[in-house]
Amino acid sequence: MTEINGISSSPGYSIGRAFVYRHDKLVILHEHIPELSVNDEIERLDGCFSSLISEYREYLEHATGDSERALYSVELLMLDDVEYRKSIKKLISEKLYSAPWAVEEATEEIIRVISTVEDEYLKERIIDIRDIEYVILETLTGKRREHIVVRDKRVLVADYILTSELLGLEGLENIEGIVLDNGGKTSHVSIIAKSKKIPSVVGVAGFSSTLEEGELVIVDGEHGIVIKNPTDSVIREYERKKKEREKLLKGLDRRSEKLSYTSDGRRVTLDANIEWLEDVNDAISSGAENIGLFRTEFIAIKNDIFNSRDKKDEIYMETARLMSGRGSVVFRTLDIGGDKKTEGMIEEDNPILGWRAVRYMLAHKAEFMAQMRAILLASRYRNVKMMFPMISGVEELEETLSLLSDVKNELRRKRIDFDENMKVGTMIEVPSAAMISDILARKVDFFSIGTNDLIQYTIAVDRGNDKTNYLYEPLHPGVLRLIKLVVDNAHDAGIEVGICGQMASEILYLPILIGLGLDELSMSPASIPVLRGVIPSLSYGDCSRLVNEVLSESSHIEIERKVKEFLDERKTRNKK
Ligand code: PEP
Ligand code: MG
């Protein structure tokens, strides 16, 4: 058994026999033409380009998918490129190259230039350029490539594969996996593999030359690994992984049928709160659209945050990877302190009002920046968001954002990939933050209201003290007014606002939260199917009327009575 690392270019697992395809080089004779033939040679070149341009325009017109359209557009651009054609003609007229030789030379020159540029995307276009070069040379020389034909279920293993070859491949439905010696993540072959859901690993230099036709190969498109001649136990392990993934995807299909809308069409996003990497599966199978809150402090406390054994880099990366193509992940930076103390943290008289969350982390900048770095690294999956807990005022937020900008600069300097467009949000869980949410909303991309704390701090009632918990009341008019203020300020500033406190998961509060205009509710995975069942029976219009009514009430007792009456009415209406 041999295991080789490459680049994952399309997710999923496949286990199958290899179909090995290696290209013969199209041999172009390097011969000079007589000076008298220059005009004929240029005419031959123009004729070839004109017929290919009309051929490709027709392909483009009849292209069925985005990947095909993208491919033909890129190739047409190249065929239409005046400079490219000029450089070929120059070689013919000045150096007396034959047209195929001139095409080869002019194309190589473009590829040479692109290869020196530090831009992965451009480098990956080389395969498209080679593709069109091949097509031009075939047309000029009349040496047509044969179609690749794959009759049985196979893993396609090749030195490289031109996009036109893949699209023209007979038996594409038989391809269960793709492994290429060359190629990159964003090459069109990778895009096509992804859109056809074919697991694929590229950049496995030299692999195709070591393989015999029909040899057993495992393609691990999740981790960019290829295994040649796997042992029985590895095969079993991958069969299990493959089944698990299929199960996950089925859950996902159910999910997409079940995006939540109120009866009058207002969308409410249902996301999951998680604490551990293992919770991601629960989140997906419960139908969560995204991870709306990853409480990162739990793994940090368990693994001891201050001695870098907390494995955060791997855990964040793996979470983002598991959610990639499914939804986003909001990593909340460490909310330690308060009732979440770790070894070595000082005892305080009032820990809940003390050195907690961003306050604590701003005093431990190295650890704060290390966590931001880990989150930014995971953002390479382009589905990551970062959120700060316990922000109480603008200075705290600005200082935090400036640390984030330092970390980003460091990554840029080191040329480490991260999502430049990563969304950054803040929790609103301190009343002062709610009061100035109009100002905070101009500095971030989203809000998530932490009602667990917002209620605690608004009513001044310790959320963990059972002697006073009779005062802990989500429907307190003061709490509802604050939530309304935050939602309105967020929407006025054009940003989204959700709730990730316990309040989001209870049916009793649902009409109020919908009526207040929350865009997202994030909760423990188990509550998601329950709320999903209720949302379609509520109308946003009715809920906002209910909110208008209850906001002028003086007591939570009367508010609760009205909400219950509202829900009962709908229950009986739905039964009829
Ligand atoms: C909240 O305060 O509502 C919240 C989601 O954060 P935590 O419960 O972790 O404090
Ligand atoms: Mg909180």
Side-chain angles (χ1 to χ4, degrees), residues 259-273 286-290 292-293 330 425 427-429 431 433-434 437 441 446-456 458-459 472-492 495-553 556 558-571:
L259 295 181
S260 285
Y261 290 93
T262 60
S263 60
D264 50 355
R266 186 178 171 92
R267 176 114 152 74
V268 184
T269 303
L270 297 183
D271 292 347
N273 293 351
S286 71
E289 290 176 48
N290 311 286
L293 168 66
V330 178
M427 291 195 69
I428 301 287
E429 47 186 354
S437 49
F446 65 95
F447 282 161
S448 186
I449 307 176
T451 44
N452 300 342
D453 278 313
L454 187 64
I455 296 166
Q456 150 165 282
T458 304
I459 309 179
Y472 190 93
E473 186 40 72
L475 292 179
H476 189 300
V479 172
L480 297 188
R481 286 177 194 206
L482 272 185
I483 299 178
K484 179 166 168 38
L485 180 70
V486 176
V487 173
D488 292 348
N489 281 336
H491 288 166
D492 285 349
I495 66 169
E496 294 207 334
V497 50
I499 283 200
C500 58
Q502 193 58 26
M503 191 180 177
S505 62
E506 290 180 40
I507 294 177
L508 176 64
Y509 308 126
L510 187 60
I512 297 290
L513 299 184
I514 290 179
L516 282 167
L518 268 306
D519 302 298
E520 178 237 10
L521 304 175
S522 193
M523 64 202 76
S524 68
S527 306
I528 293 177
V530 183
L531 289 213
R532 198 181 291 294
V534 181
I535 291 174
S537 67
L538 302 175
S539 102
Y540 171 61
D542 288 351
C543 292
S544 27
R545 275 187 286 279
L546 174 73
V547 165
N548 280 340
E549 222 181 286
V550 302
L551 276 177
S552 54
E553 289 297 341
H556 70 89
E558 187 53 18
I559 298 178
E560 183 167 332
R561 195 191 61 72
K562 285 202 161 143
V563 179
K564 282 187 169 154
E565 194 179 281
F566 177 92
L567 281 167
D568 285 345
E569 241 175 60
R570 262 121 208 108
K571 237 189 259 163

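- Looking at Phe566 and Leu538, their side chains come closer than 4.5 Å, going by heavy atoms from C-beta outward.
- The structure places CD of Glu429 at 11.5 Å from CD1 of Ile455, a figure rounded to the nearest 0.5 Å.
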What pairs of donor and acceptor atoms, side-chain ones from residues 499-517 against any protein atom, are under 3.5 angstrom apart with sequence neighbours left out?
unit_1, atom_1, unit_2, atom_2, d
Ser505, OG, Gln502, O, 2.8

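- In this structure Asp488 satisfies the salt bridge (Lys or Arg N to Asp or Glu O under 4.0 Å) test together with Lys484, sequence neighbours excluded.
- The two residues Ser263 and Pro536 have their closest heavy-atom pair at CB-O, 3.3 Å.
- Taking a 6.0 Å sphere around CD of Glu553, one finds it holds more than 12 heavy atoms contributed by other residues, nucleotides or ligands.
- Between Glu473 and Val479 there is no side-chain heavy-atom pair separated by less than 4.5 Å.
- Checked by atom type and distance alone, the side chain of Asp519 pairs as donor or acceptor with a backbone atom of Val497 at under 3.5 Å.
- Of all non-hydrogen atoms in Pro431 and Thr458, the two that sit nearest each other are CG-OG1, 3.6 Å.
- In this structure, Leu270 and Leu521 have side chains that are in contact, with non-hydrogen atoms separated by less than 4.5 Å.
- Residues that satisfy the salt bridge (Lys or Arg N to Asp or Glu O under 4.0 Å) test with Glu560, not counting sequence neighbours, are Lys564.
- The side-chain hydrogen bond (donor to acceptor under 3.5 Å, both in side chains) search around Ser437 returns Asn489, not counting sequence neighbours.
- Here the side chain of Arg532 pairs a donor or acceptor atom with the backbone of Gly287 at under 3.5 angstrom.
- Separating the CZ atom in Phe446 from the CD1 atom in Ile428 is a distance of 11.0 Å, to the nearest 0.5 Å.
- Glu520 pairs by the side-chain contact (heavy atoms from CB on, under 4.5 Å) definition with Thr269, Asp271, Ser522, not counting sequence neighbours.
- Put simply, CG on Asp492 and CD1 on Ile495 are 10.5 Å apart, with the number rounded to the nearest 0.5 Å.
- The distance from atom CG of Leu518 to atom CD1 of Ile483, rounded to the nearest 0.5 Å, is 7.0 Å.
- From Leu480, atom CG reaches atom CG of Leu485 across 12.5 Å, with rounding to the nearest 0.5 Å.
- Checked against side-chain hydrogen bond (donor to acceptor under 3.5 Å, both in side chains), Thr262 has the following partners two or more places apart in sequence or in another chain: Asp264.
- Within the structure, salt bridge (Lys or Arg N to Asp or Glu O under 4.0 Å) contacts touching residues 535-544 (residues at least two apart or in different chains) are Asp542-Arg545, Asp542-Arg570.
- Although no hydrogens or angles enter the test, the distance criterion places a donor-acceptor pair under 3.5 Å between the side chain of Tyr472 and the main chain of Asn452.
- For Gln456, the side-chain hydrogen bond (donor to acceptor under 3.5 Å, both in side chains) criterion is met by Asp453, not counting sequence neighbours.
- The salt bridge (Lys or Arg N to Asp or Glu O under 4.0 Å) check on Arg561 picks up Glu558, Glu565, with sequence neighbours excluded.
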